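In what follows, a structure is listed as structure tokens, so that the remarks can point back to it.
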Amino acid sequence: MRILNKSLQAVLLTVLLTALSVSSLLAQQEEYKRPIFLTQESDWADSVFNTMTEEERIAQLIMIPVYSNKDQVHIDSISNLVKEYKVGGLIFFQGGPVRQAHMTNCFQEESKIPLMITIDAEWGLAMRLDSTMRFPYQMSLGGIEDDELIYEMGREIARHSKRMGIHVNFAPVVDINNNANNPVIGFRSFGEDKENVARKGIAYMKGMQDEGILANAKHFPGHGDTNVDSHYGLPVIHFSKHRLTDLELYPFRELFKEGLGSIMVAHMSIPTLDPTENLASTLSKPIVTDLLKEEMGYEGLVFTDALNMQGVAKYYEPGVVDVKALLAGNDMLLNTMDVRNTIKEVKKAIENGEISMEEIDRRVMKVLKAKDWLGMDQMKPIETENLVKDLNNPEAEFLNRKLTEASLTLLRNKDDILPLKNLGQQKIAALAIGTENTTPFQKGLERYGKVDKFFLSANAGLEEIAEMKKRLSDYTTVLVGVHKLQLKAGGSNFGVTSNVNLFLKGLIEQQPTVVSVFGNVYSLEKFEGLHEAHAVIAAYQETDMAQDVASQLIFGGVGAKGKLPVNVSSHFKIGDGLKTESGFRMGYSSPEEFGLASRDFEKIDDLVHEAIEQKATPGAQVLVAKEGKVIYHKAFGNHTYDEEQEVQLDDLYDLASLTKISTALAAFMKLRGEGKFDENQTLGTYLPMAEGTNKENLVYADILTHQAGLQAWIPFWKQTVRKSGKFKWFTFKSDSSRRFPVKSADNLYIHRNYAKKIYKEIMNSPVSEKGKYVYSDLSFILAPKVVENITGQEFTAYLEENIFAPIGAEHLIFNPYKTYPLDRIVATEYDSLFRKQLLKGTIHDEGAAMFGGVSGHAGLFGTSNDLAKLLHLYLNDGHYGGEEIIKNNVVSQYSKCVNCEEGNYRAMGFDRPNRPGDPKGNTAASAPETSFGHTGFTGTYGWVDPENQIVYVFLSNRVHPTRENTQLYKLNTRTNVYQVIYEAMENAAKQKASN
């Protein structure tokens, strides 16, 4: 074999390497999936193309900017461009959905060829449009481990886009943000790990394109490692091609493999790819044509970035810059600012041989095929009725919640401080830094217990800071929310001032502190000593949803799941993120979490509104929880019929007989679990005053099931009134004094010893046949004395310390007028016989009023939210917030029917279905026999269904203005509302079966 000379060897080696390179490139290209609109023939595209003039074909590559928040002059100018030049499409910017829809309908009707409507909706339409849904920023999505959620978000954003007549969403951003000082990408990126960015970009892209919306990956060839905003200048990238190929181009290649429909080219100077000075990549043939289209083999639609951005606009005039972009290889010219001149300059380029009309036509056909795939061959006007409602649908809202919950990142959790434990021993402060107004975060925290609110300005001086540290010093835990941070990187440390930095560092050193940062995650690096905090939560953004979910994370309503998608500092690194469990306490979600439909719960609204219209009650609160999550919680109507004050969710209602299961029974069950109370013992065992009376040997099991033979009730107040209508001298006085210290109502004080008379009257009352069911208040009136005799502790103090405080139920309270302003307490009856006044803040029940508002049968006030906590304690058989508050499965024992065989459907203290399956019974027809709860005379209702894990609360003041109003009973509102829950479950089951 003849030996080849070195020169020939070199030539052959070059040929071989070239062949291998081409082979490798072809193999790589073969992996790519062609955009779907190029995989099918289009008769519509052919027919439309044949109707177009040369100028109209050029215009198909032009997209102009439109604003739905501008005046008629702007609208007319766009209309003229559409009609005269027949541009190919529009990109909408700021405005509102209905206005944009009307404009789109108008422009589509005026256009010879359907317009391609586009928008920047990286985090949903809210990026541009008011009254629409804002999904999390991509940086927070980068912290989500379940990419399926991002796919679903892509689908939902696509559905919103289609509803708005939009065809292309300029998303996802697949820039790898590996520069913390990047002023233009930053929070818009999925992070700095190329594989994570690619996976999430693919999920987002597929979600949109599976719903028929064209995705757009940006900003090619990668805008993540820049420190100049291309809106204002031209970033220069000095990376090698090897670096670009290995890193920046990686996500684009991965999306190409999955059939990416379109791409956007960035305005950057990249000397290693094109050394031309001050030439943006958008205008570079080596980058757009040679690299993107030929070397990488991309066939989809190529959009320029906006051609009015200073990265290109400051170097070239409108029209000229558009032609240069076209010559570089772009298909669509975004934000053309001079349509007439652009068409003129393109024609000149054709005449000069810089580009052929055949090449223009190829790009036009690509555009028309995309329009065909996007359904523009069957264009219909956008229906504006219910548009805003459709764009804010419950399914999307729940998806938004899931995304937010999955993204929140717990970076520190010293001593497992989260979720917060032992609420009964805590004194908690919620400090908002950067704002002076109550935040959604603070409101969310307040749902879980007593939280004192504080505020500190971002520009607070040293004196104010010192004073704040002093005010917070005696709190066991401080929950800090950092707000109003700047979103973009820059020279101001995201708005973190040196004084605030100093304060937070000192606070962390002073006491247990949980810091939630609602802003750009890179801002964490600006807080000195933040890593020493007991807990740090990266929330990524300041939305109501992020604040709501963060508050739940702190108390265990949801668990922490997210992972940090970027390196922030040596203390907070990519991949960091601790996990906590959900279900520690009540969470707050929506019916969709359990496969139910919010629209089915709208019937609750109808039923309550009907009750208000029928004057069954002036207002109400309704709460529904499923499996530990509140999925429906609304306030309706007003405090009274004068409609001067609307009911709020934190208003307090008189719970009436719900007091029985919320106080006396709660205490008995707790004591039973501790072996200090036994239902098989007698009243005389626990109450000395019963000794020697006909009550002494009454067994508590009979008492609690209302078959001990006690009278139903005694109208004690009638014994205080003379025939003249005036009070007897030893009963009541209008002013308080040493002898008359106990307040029964406004300007009405009872004698200090009158309670003894009531007890005596009870003890002297007759006892009828044992075993006969008679619902009685009397034993529950005695219950506080029983509890006090067993515990040696005052009744209300015992309940607060042992039941209410541990579950965070600060709003379950006797005599709320002592603690809350009257405008937060809902009025009950105008009592014209006994107290002769409107009752507001003092108890409605006469007997409880004569005990100063404290009794075991009535007297408790509360909110639906706090009553739900107590009912969840019962649902969970005595467990809540990580504590076993009622031990030894006592709740499950006490909530069972004791004497069903004898026809008594009651449990011990609890009510149970008296006629299961009957819509006229005391509970929902579909409520199982195992469910239990109680009702209240004032129009209240609380029920627990352990089989379906449901807690239901209905609070109203149906006795206003008179107890004679029985309309709420006649309408059967409370149980009909309860039945709606079961009907929603049945509908969901049918829907699931049909699928």
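From a predicted model like this one, the values you see are computed outputs, not experimental measurements.
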Using atom types as modelled and distance alone, determine if a side-chain donor or acceptor of [X] lies under 3.5 Å from a backbone N or O of [Y].
X	Y	value
Q442	G481	no
E884	G878	no
T659	L860	yes
K615	I612	no
N957	T617	no
N789	Y686	yes
Q681	D678	no
N694	P766	no
N865	L649	no
R974	L968	no

Just how far is it from atom [atom1] of [X] to atom [atom2] of [Y], taken to the nearest 0.5 Å?
X	Y	atom1	atom2	value
L812	K869	CG	NZ	8.0 Å
H960	N965	NE2	CG	10.0 Å
L658	T663	CG	OG1	10.0 Å
L420	R585	CG	CZ	6.5 Å

Between [X] and [Y], what is the shortest heavy-atom contact and its length?
X	Y	value
V608	A620	CG1-CB, 4.1 Å
T973	A611	OG1-CB, 3.8 Å
L652	H811	CD2-O, 3.5 Å
E679	F677	N-CE2, 4.0 Å
A858	A848	O-CB, 3.5 Å
A690	M763	CA-SD, 3.8 Å

Hey, are the side chains of L867 and L955 touching, using non-hydrogen atoms and a 4.5 Å cut-off?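 Result yes, sub-4.5 Å side-chain heavy-atom pair found.
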Per side-chain hydrogen bond (donor to acceptor under 3.5 Å, both in side chains), D651 is matched among Q621, R824, H639 by H639
List in chain and number order the residues that pass ring pair (Phe, Tyr, Trp, His ring centres under 6.0 Å) with H609, two or more places apart in sequence or in another chain; answer none if no residue qualifies. F636
Ring pair (Phe, Tyr, Trp, His ring centres under 6.0 Å) involving Y475 - partner list, sequence neighbours excluded: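 If we apply the ring pair (Phe, Tyr, Trp, His ring centres under 6.0 Å) test to Y475, skipping adjacent residues, the hits are F454.
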Would you say the ring centroid of [X] lies under 6.0 angstrom from that of [Y]?
X	Y	value
Y941	Y952	yes
F732	F834	yes
F668	Y700	yes
F932	Y874	no

Run the side chain to side chain contact (heavy atoms under 4.5 Å, CB included) test on N922 and T935 for me, step by step, so that the C-alpha distance in whole Å, both residues' side-chain angles and the decisive distance to 0.1 Å come before the verdict. CA-CA 9 Å; N922 63 338; T935 59; 5.7 Å; no
Check whether more than 12 heavy atoms from other residues, nucleotides or ligands sit under 6.0 Å from atom [atom1] of [X], and answer yes or no.
X	atom1	result
K427	NZ	yes
E691	CD	yes
K443	NZ	no

Restricting to salt bridge (Lys or Arg N to Asp or Glu O under 4.0 Å), what partner residues turn up for [X], sequence neighbours left out?
X	value
K887	none
D452	K450
D777	K660

Pair F555-I428, side chain to side chain contact (heavy atoms under 4.5 Å, CB included): steps then yes or no: CA-CA 12 Å; F555 284 95; I428 302 172; 4.2 Å; yes
Any residue meeting side chain to side chain contact (heavy atoms under 4.5 Å, CB included) with S737, in chain and number order, not counting sequence neighbours: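 Applying side chain to side chain contact (heavy atoms under 4.5 Å, CB included) to S737 gives R739, F740.
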Mind checking side chain to side chain contact (heavy atoms under 4.5 Å, CB included) for D877 and listing every partner two or more places apart, or none if nothing turns up? N889, V891, S892
Can you sort out the partners of S736 under side chain to side chain donor-acceptor pair (under 3.5 Å), two or more places apart, ordered by chain and number? none
Across all chains, not counting sequence neighbours, the side chain to side chain donor-acceptor pair (under 3.5 Å) partners of N638 are none
From the list R963, R958, K840, K836, salt bridge (charged side-chain N to carboxylate O under 4.0 Å, His left out) partner of E829 resolves to R963
Evaluate side chain to side chain donor-acceptor pair (under 3.5 Å) for E801 paired with Q793, printing each intermediate quantity in order. CA-CA 10 Å; E801 180 182 326; Q793 192 174 5; 2.9 Å; yes
All pairs passing side-chain hydrogen bond (donor to acceptor under 3.5 Å, both in side chains) where residues 745-769 contributes a residue, at least two apart: K695-S765, K743-D746
Considering only residues two or more places apart or on different chains, which pairs with a residue in residues 847-863 satisfy side-chain hydrogen bond (donor to acceptor under 3.5 Å, both in side chains)?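 For residues 847-863: D845-H857, S855-H857.
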Name the atoms and distances for all side-chain donor-acceptor pairs under 3.5 Å in residues 705-717, with sequence neighbours left out.
{"residue": "T705", "atom": "OG1", "partner": "A701", "partner atom": "O", "Å": "2.7"}
{"residue": "T705", "atom": "OG1", "partner": "D702", "partner atom": "O", "Å": "3.2"}
{"residue": "H706", "atom": "ND1", "partner": "S776", "partner atom": "N", "Å": "3.0"}
{"residue": "Q707", "atom": "OE1", "partner": "N904", "partner atom": "ND2", "Å": "3.1"}
{"residue": "Q707", "atom": "NE2", "partner": "D702", "partner atom": "OD1", "Å": "3.4"}

Passes side chain to side chain contact (heavy atoms under 4.5 Å, CB included), T975 versus W943? Steps please. CA-CA 10 Å; T975 52; W943 211 261; over 6 Å; no
Would you call the rings of Y448 and Y588 parallel, tilted or perpendicular, taking 30° and 60° as the class edges? perpendicular
Going by an N to O cut-off under 4.0 Å, is there a salt bridge joining K785 and E788? yes
Charged N to carboxylate O below 4.0 Å: is that the case for K718 and E846? no
Go through R447 and M586 one step at a time and tell me if the side chain to side chain contact (heavy atoms under 4.5 Å, CB included) criterion holds. CA-CA 9 Å; R447 292 175 300 195; M586 280 191 335; over 6 Å; no
If we ignore angles and hydrogens, is there a donor and acceptor under 3.5 Å between the side chains of H633 and S864? yes
